[in-house]
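Order of the sequence lines fixes the chain letters, A, B, ..., with proteins taken first and strands second; residue numbering starts at 1 for each chain. What you see is a predicted model; the values in this text were computed from it and never measured.
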Protein chains: 2
Amino acid sequence: MSRAEQREQTRRTLLRESRRLFTAKGYGAVGLSQIVNAAGVTKGALYHHFDGKAALFRAVLAQVQEEVGRRVAATADAEPDLWDQLVAGCHAFLTASADPDVQRIMLIDAPAVLGWNEWRALDEAASARHLSDALTHLIEAGVIARQPVAPLVRLLSGAMNEAALWLATSADPGDLADTKAALTRMLESLRG
Amino acid sequence: MSRAEQREQTRRTLLRESRRLFTAKGYGAVGLSQIVNAAGVTKGALYHHFDGKAALFRAVLAQVQEEVGRRVAATADAEPDLWDQLVAGCHAFLTASADPDVQRIMLIDAPAVLGWNEWRALDEAASARHLSDALTHLIEAGVIARQPVAPLVRLLSGAMNEAALWLATSADPGDLADTKAALTRMLESLRG
DNA sequence: CCTTTCGCATACCGTCAGTACGCGAAAGCT
DNA sequence: AGCTTTCGCGTACTGACGGTATGCGAAAGG
């Protein structure tokens with residue numbers, strides 16, 4: 001195996017195993033020794049690829065955010081109508097957030113580990129950007145009233161994040177439908 | 001000084017200093033040695049009063065939540081009309097969340113330190129309960145449509161938490177007014 | 001075939017949360 | 001008052017953690 005291949009494989013294994021452990025136990029409860037044991041390497045390898053525990057977490061977070069962003073964008077783009085794209089994207093975000101990786105890594109640990117400011121910047125670049133773009137286009141198209149977009153994005157993004165976490169612990173499968181209905185009603189209020 | 005007085009004073013000093021440090025640096029970046037130094041005691045005293053670092057944080061969080069709950073309830077109760085109570089309470093929550101203690105301790109660190117489940121239970125008992133009660137009363141009174149309350153509470157609670165954090169880093173003072181306006185529009189959609 | 005590169009292992013360090021135990025002063029008891 | 005018990009807290013220690021310095025051995029380059 002060539003050196004480049006070996007390097008890539010080690011890096012991918014570290015990302016995979018750390019993501020698994022972070023998801024299962026949370027950032028604080030996972031030691032570097034557990035990660036390198038699971039990956040079959042040593043701390044030397046880890047520090048050769050990443051600047052430390054937080055940097056490793058950052059790389060894992062980037063993966064998760066990229067996956068969520070792709071899923072949301074794909075679902076939204078399937079709708080021809082601009083308004084339907086917004087609704088479909090929001091529903092897709094709720095669905096994607098059912099993934100335990102998303103919940104623990106992206107919604108719970110990330111703000112505390114990276115600080116809220118950095119988390120917000122990454123969230124903006126990944127998923128919230130789609131929401132921001134959609135709302136801007138809808139305003140340009142005259143579908144919803146002209147108003148500041150930034151506060152709306154934060155309100156809606158926060159609502160969806162929190163609802164997603166709540167749905168994770170919910171026993172009643174009807175809760176997802178109820179939440180989507182309530183969220184849709186909130187969105188509809190923008191069209192009024 | 002009597003033993004009871006001494007005990008009480010040590011406990012209060014520990015709570016005060018740890019709250020100050022947690023707010024300034026965040027839970028993870030504060031060591032127990034810093035806390036006991038600031039309080040003028042030793043780790044023996046800390047472990048005599050609390051079961052550990054997480055338990056100390058829990059006690060601090062309870063303080064913060066209680067303060068926020070009181071402020072929100074007081075503002076809401078000043079309104080005679082049931083609907084105005086809801087709006088006033090939500091606005092009061094946004095205002096109260098401008099406090100750095102609330103942001104760092106209650107909104108950022110608490111979910112990661114205690115886990116989201118415990119955080120949610122405490123949040124429910126403290127501040128979200130008021131929101132839940134208000135919505136239930138409004139449904140009983142026929143002011144808003146009959147619908148599941150729990151998803152609404154999570155959506156609105158999450159929206160306000162996130163908006164509060166965003167407002168904290170906002171430079172434009174008009175953002176608060178814009179956010180309150182957007183939030184009010186969301187609430188109005190319930191009356192439709 | 002010799003040299004350089006570099007991916008990674010080994011061994012170590014400072015700091016942290018948490019624990020075991022002892023002291024000394026206040027509180028109860030006769 | 002004196003004697004004992006209680007208990008608030010200090011002291012001294014431990015294991016585990018994140019992080020660093022350094023060395024080795026195989027692949028790449030000439």
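Positionally, the nearest nucleotide of DNA chain C for A:L46 lies more toward the 5' end than for the other of A:L46 and B:K43. Residue A:G44 is the one, among B:Y47 and A:G44, whose nearest nucleotide of DNA chain C lies closer to the 5' end (criterion: closest heavy atom).
Remark: C1' of C:dA9 and NE2 of A:H49 are 13 Å apart, rounded to the nearest angstrom. Regarding B:D51, its CG atom lies at a distance of 13 Å from the C1' atom of C:dT19, rounded to whole Å. Atom pair B:F50:CZ and C:dG18:C1' shows a separation of 16 Å (rounding to whole Å applied). Atom CD in A:E5 sits about 18 Å away from atom P in D:dA26, given to the nearest Å. The distance between atom CD of A:E8 and atom P of C:dC6, rounded to the nearest whole Å, is 16 Å.
Using a 3.5 Å distance cut-off with no hydrogens or angles, the side chains of B:T184 and B:H91 do pair a donor with an acceptor. Side chains of A:D175 and A:T179: a donor-acceptor N/O pair is absent below 3.5 angstrom, by distance only.
Checking the phosphate oxygens (OP1, OP2) of D:dG10, no side-chain nitrogen or oxygen of B:H48 falls inside 4.0 Å. Side-chain nitrogen and oxygen atoms of B:S2 include none within less than 4.0 Å of the OP1 or OP2 phosphate oxygen of C:dA26. For the pair A:Q6 and C:dC8, the criterion of a side-chain N or O lying under 4.0 Å from OP1 or OP2 is met.
Contacts of A:R7 with the nucleic acid, taken as non-hydrogen atoms under 4.0 Å apart, involve only primed sugar atoms and P, OP1 or OP2.
Without hydrogens or angle criteria, B:K25 side chain to B:R20 main chain gives no donor-acceptor distance under 3.5 Å.
Of the residues in residues 23-38 of chain B, not one places a heavy atom less than 4.0 Å from an atom of DNA chain D.
Between B:R11 and B:E8 there is no salt bridge, since no side-chain nitrogen of the basic residue lies less than 4.0 Å from a carboxylate oxygen of the acidic one.
For the pair A:L61/A:L114, a side-chain contact is recorded, criterion being any heavy-atom separation below 4.5 Å from C-beta on. When side chains are defined from C-beta on, A:V68 does not count as touching A:S97, because their heavy atoms never get closer than 4.5 Å.
The listed nucleotides are C:dA27, C:dA9, D:dA27; the one nearest the side chain of B:R3 is C:dA27.
Ring pair A:F57/A:F22 is perpendicular by interplanar angle, where above 60° counts as perpendicular and below 30° as parallel.
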